[in-house]
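Let me begin by presenting the structure, written as structure tokens, before commenting on it.
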Amino acid sequence: MARIQPLTEGVYYILLSLTAPNHGYGIIQQTLEMTGGRLELGAGTLYGAINNLLDKGWIALYREEKDSRKKKEYVITRLGQAALEEEMERLQELLDNGRRITGKGGV
């Protein structure tokens, strides 16, 4: 598999939030929880990223409620999981090298 471009922080947390089916509001809430409130995804950012991830095949529509709100749930695909895992390895390499060079933290 060709190496992907580094993920934005928002896309990283969206993919993490979709390891189980989730809807937009749930993604926003889960990201807030994971980051201790530091990263708050705006609706425009979230739904722009969702459309991009759908186009790439990294997430898929899981279920759509047919009521008036038409809430959609999404889930990560195998391709998205592979991209997420590659990003996690890249981030680990950054941490390991930084700690090795600065002598900060255990490696």
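Closest non-hydrogen pair, L39 versus T35, comes out as N-OG1, 3.1 Å. Closest of all the heavy-atom pairs between E87 and P6 is OE1-CA, 3.6 Å.
With rounding to the nearest 0.5 angstrom, the CG atom of L46 is 9.0 Å from the OG atom of S17. One distance of note links CE of M88 with CG of L7; it measures 11.0 Å at 0.5 Å rounding. E86 CD to L91 CG: the interatomic distance, rounded to the nearest 0.5 Å, is 11.0 Å.
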Which atom pairs, one a donor and one an acceptor, fall under 3.5 Å between side chains of residues 24-34 and the rest of the protein, sequence neighbours left out?
from	atom 1	to	atom 2	distance (Å)
Y25	OH	Q29	NE2	3.4
Q30	OE1	N22	ND2	3.0
T31	OG1	I27	O	2.9

Report, one line per pair, each donor and acceptor closer than 3.5 Å where one atom sits in a side chain of residues 71-84; sequence neighbours left out.
from	atom 1	to	atom 2	distance (Å)
E73	OE1	R63	NE	3.1
E73	OE1	R63	NH2	2.6
E73	OE2	R63	NH2	3.4
T77	OG1	G57	O	2.6
T77	OG1	W58	O	3.0
T77	OG1	L79	N	3.4
T77	OG1	G80	N	3.2
Q81	NE2	E85	OE2	3.1

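Listed by chain and residue number, L95, D96 satisfy the side-chain contact (heavy atoms from CB on, under 4.5 Å) test with Q92 (two or more places apart in sequence, or in another chain). Taking E40 as the reference, nothing meets the salt bridge (Lys or Arg N to Asp or Glu O under 4.0 Å) condition, with sequence neighbours excluded. A search for side chain to side chain donor-acceptor pair (under 3.5 Å) contacts involving E9 returns R38, not counting sequence neighbours.
Screening residues 45-57 for side chain to side chain donor-acceptor pair (under 3.5 Å), with sequence neighbours left out, gives no hits. The list of salt bridge (charged side-chain N to carboxylate O under 4.0 Å, His left out) pairs with a residue in residues 16-29, not counting sequence neighbours, is empty.
In the hydrophobic clustering of ILVMFWY residues, with side-chain heavy atoms under 4.5 Å counting as a link, Y62 and L15 come out apart.
Counting heavy atoms from C-beta outward, T8 and Y12 have side chains that stay 4.5 Å or more apart.
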